[in-house]
Amino acid sequence: MKYFYLFLSITLLISCGKKKQEKTEETLEEKAQRIHDSVITIDTHDDINVQNFTDSINYTQNLDTQVNIPKMKEGGLDVAWLVVYTGQDTLTTEGYAKASENAISKFEAIHKLCEEIAPDEIELALTSDDVRRIVAAGKKVAMIGVENAYPIGEDLSKIEEYQKRGARYMSLAHNGHSQLSDSNTGEQDSVWLHNGLSDLGKEAVAEMNRVGMMIDVSHPSKEAMKQMIELTKAPIIASHSSARALCGHSRNLDDEQLMLMKENGGVVQTVAFSSYLNTEKHEARSAYMAEVYKKVADSLGLVWYDRSQFGSLTDEQREEFFANYGKIRNIAEELAGTDPNVPPAVNVSDFVDHIDYMVKLIGIDHVGISSDFDGGGGIEGWSDASETFNVTLELVKRGYTEEEIAKLWGENLLRVLDEVQAVAKTMN
């Protein structure tokens with residue numbers, strides 16, 4: 001009889017152990033959420049409209065923008081690089097002056113958000129230590145990137161001025177050749193202005209190294225990018241680009257460029273921009289959605305522009321477009337969701353395909369994440385900052401470890417920032 005009770009006791013212990021084990025085993029979603037909550041999540045490219053940085057309309061509210069503080073909180077996005085963007089215009093004194101005004105207004109808007117509107121909710125970071133301190137304090141982080149150095153004109157002292165205003169990366173061109181660098185858009189007609197960098201652009205590289213500002217190669221031409229790598233004394237970044245081998249857009253980096261990024265010690269921030277991820281899916285969906293967007297815009301008494309028209313828009317037209325972009329997009333997506341024949345959208349899986357490709361080619365230490373929200377970015381599953389967790393979930397599904405996910409979400413970018421600032425100290 002005593003053996004029977006012994007057997008029964010052992011059986012009960014094993015049974016209880018199994019139940020305890022079942023209770024403690026994480027689901028995939030729970031594991032992803034735990035990792036998402038523990039790593040620092042950084043999105044390196046979010047456009048802004050100064051009209052959303054006023055006392056009455058601002059990022060403390062859940063606006064139609066893809067990025068704002070409520071959406072960052074909902075999705076667990078810790079750091080948003082808010083972008084001082086200026087479109088390309090004439091290479092004249094008048095053009096530079098107007099562009100400079102636009103750039104300064106965006107710098108001031110970001111500072112107003114962090115220092116006057118919501119200092120208890122979001123703070124501007126200038127270093128990786130700032131990022132870690134602010135996140136640990138439970139606040140959101142803003143950082144500043146400059147998309148297109150066109151506003152500096154021919155005055156390189158403005159690079160240091162922008163750095164003092166908080167800029168921590170800058171691209172030397174956008175869509176169109178600047179006074180400093182050729183743009184990737186030269187591939188369309190094979191017309192180049194500098195065959196890479198101008199002499200002034202080469203001096204700008206040295207000055208950015210000196211002041212500790214990361215050089216962003218997402219928009220410049222391939223030849224300009226190669227020259228930047230030859231000249232720079234510090235690692236560089238591509239703030240929002242994907243893999244050209246998977247999607248042949250001129251905004252993406254080909255394998256040669258990716259290998260140069262690895263050799264340089266830089267990082268490529270994979271971008272959740274539909275047309276840079278999957279051409280076939282994007283074009284089919286875009287053709288369908290273009291009609292829906294136009295119908296929605298017309299019903300609201302607004303104008304909808306195709307992306308091919310952006311280059312011809314004035315800054316005012318572009319700002320008005322993006323001020324209403326989120327509203328039109330949200331309504332259009334709801335309408336499309338009711339149509340069983342809508343073509344599939346580019347999604348988070350397509351996005352992580354690019355991460356996978358680049359990780360295999362150049363290593364986990366040289367790949368990061370960006371959205372280009374409020375500048376045309378956003379895909380199914382990561383349509384705004386509130387859905388940021390879905391990226392982490394997809395990475396967990398594909399077997400990435402917590403350490404690897406931490407690198408992708410921000411540690412790689414912060415390492416490059418540290419190295420760039422360390423180089424600046426040696427030069428000064």
Side-chain angles (χ1 to χ4, degrees), residues 41 43 45-54 56-77 80 82-83 85 113 140 240 271-278 281-310 313 317-351 369-391 393-394:
T41 51
D43 175 0
H45 202 92
D46 300 306
D47 279 276
I48 64 167
N49 184 328
V50 294
Q51 294 173 5
N52 294 321
F53 290 74
T54 68
S56 56
I57 301 172
N58 57 65
Y59 274 21
T60 63
Q61 303 154 346
N62 197 358
L63 306 174
D64 286 325
T65 54
Q66 290 170 286
V67 174
N68 51 57
I69 295 170
K71 286 188 173 79
M72 289 176 73
K73 288 179 178 177
E74 184 180 348
L77 178 62
L82 304 179
V83 171
Y85 161 81
L113 172 68
K140 295 303 175 187
H240 58 310
V271 64
F273 199 108
S274 179
S275 61
Y276 305 162
L277 296 176
N278 186 311
K281 285 175 74 174
H282 168 78
E283 289 180 353
R285 177 83 173 198
S286 292
Y288 172 92
M289 291 303 297
E291 297 304 315
V292 183
Y293 290 139
K294 285 175 187 173
K295 286 177 184 175
V296 172
D298 287 344
S299 71
L300 297 172
L302 300 168
V303 180
W304 181 264
Y305 300 103
D306 182 78
R307 191 160 185 85
S308 62
Q309 298 173 280
F310 284 6
L313 300 184
Q317 287 174 318
R318 193 178 192 275
E319 287 202 357
E320 182 182 1
F321 174 82
F322 280 112
N324 297 297
Y325 175 82
K327 182 193 302 181
I328 295 170
R329 178 182 174 126
N330 290 342
I331 297 171
E333 290 293 342
E334 283 182 25
L335 288 173
T338 64
D339 183 355
N341 298 313
V342 60
V346 175
N347 58 26
V348 170
S349 179
D350 297 308
F351 175 65
I369 293 170
S370 67
S371 67
D372 205 355
F373 284 152
D374 296 312
I379 52 177
E380 187 173 84
W382 198 27
S383 62
D384 62 39
S386 72
E387 296 185 324
T388 302
F389 167 71
N390 291 335
V391 178
L393 180 59
E394 183 65 24

J.: For the atom pair CG (D372) and OG (S274), what is the distance rounded to the nearest 0.5 Å?
T.: 12.0 Å
J.: Does D374 use its side chain to pair, donor to acceptor, with the backbone of D46 at less than 3.5 Å?
T.: no
J.: To the nearest 0.5 Å, what is the distance between CG on L393 and CD on E387?
T.: 12.0 Å
J.: Sequence neighbours excluded, which residues qualify as side chain to side chain contact (heavy atoms under 4.5 Å, CB included) partners of K71?
T.: N62, N68, D384, A385, S386
J.: Please answer whether the main-chain N or O of N347 pairs with a side-chain N or O of D350 as donor and acceptor at a distance below 3.5 Å.
T.: yes
J.: I need the minimum non-hydrogen distance between I48 and V83, along with the two atoms involved.
T.: CG1-O, 3.5 Å
J.: F322: what forms a side chain to side chain contact (heavy atoms under 4.5 Å, CB included) with it, not counting sequence neighbours?
T.: F310, R318, Y325
J.: Measure the CZ-OH distance between F321 and Y305 for me, rounded to the nearest 0.5 Å.
T.: 9.0 Å
J.: Can a donor-acceptor pair be found, under 3.5 Å and without considering hydrogens, that links the side chain of N390 to the backbone of W382?
T.: no
J.: Looking only at heavy atoms, which two atoms of L300 and I331 are closest? And how far apart?
T.: CD1-CD1, 4.2 Å
J.: Distance-only, no hydrogens or angles: does the Q66 side chain make a donor-acceptor pair with backbone N or O of G377 under 3.5 Å?
T.: yes
J.: What's the separation between atom CH2 in W304 and atom CG in N324, rounded to the nearest 0.5 Å?
T.: 10.0 Å
J.: Which pair of non-hydrogen atoms, one from M289 and one from A336, has the smallest distance, and what is that distance?
T.: SD-CB, 3.7 Å
J.: Is there a side-chain contact between K281 and P343 in this structure, where contact means two heavy atoms from C-beta onward sitting under 4.5 Å apart?
T.: no
J.: Can a donor-acceptor pair be found between the side chains of D43 and S371 at a distance below 3.5 Å?
T.: yes
J.: Does any N or O in the side chain of S299 come within less than 3.5 Å of the main-chain N or O of V296, such that one atom is a donor and the other an acceptor?
T.: yes
J.: Which residues satisfy the side chain to side chain contact (heavy atoms under 4.5 Å, CB included) test with N341, sequence neighbours excluded?
T.: D339
J.: How close do Q51 and A323 get, counting heavy atoms only, and between which atoms?
T.: OE1-CB, 4.1 Å
J.: If you look at every heavy atom in G375 and D47, which pair is closest and at what distance?
T.: CA-OD2, 3.4 Å
J.: Measuring only between side-chain heavy atoms, which start at C-beta, is V303 closer than 4.5 Å to E320?
T.: no
J.: Can you tell me how far the OG1 atom of T65 sits from the CD1 atom of I57, to the nearest 0.5 Å?
T.: 11.0 Å
J.: Run the ring pair (Phe, Tyr, Trp, His ring centres under 6.0 Å) test against Y276 and tell me which residues pass, sequence neighbours left out.
T.: H249, F273
J.: Taking only residues two or more places apart in sequence or in another chain, which ones pass ring pair (Phe, Tyr, Trp, His ring centres under 6.0 Å) with H240?
T.: H45, H219
J.: If I compare all heavy atoms of A272 with all of L277, which pair ends up nearest, and what's the gap?
T.: CA-CD1, 4.0 Å
J.: I'd like to know if R285 pairs up with E333 as an ion pair, taking the criterion as any Lys NZ or Arg NE/NH1/NH2 lying under 4.0 Å from an Asp or Glu carboxylate oxygen.
T.: yes
J.: Could you pull out all residues at least two apart from K295 that satisfy side chain to side chain contact (heavy atoms under 4.5 Å, CB included)?
T.: none
J.: To the closest 0.5 Å, what do you measure between CG (L113) and CD1 (I69)?
T.: 5.0 Å
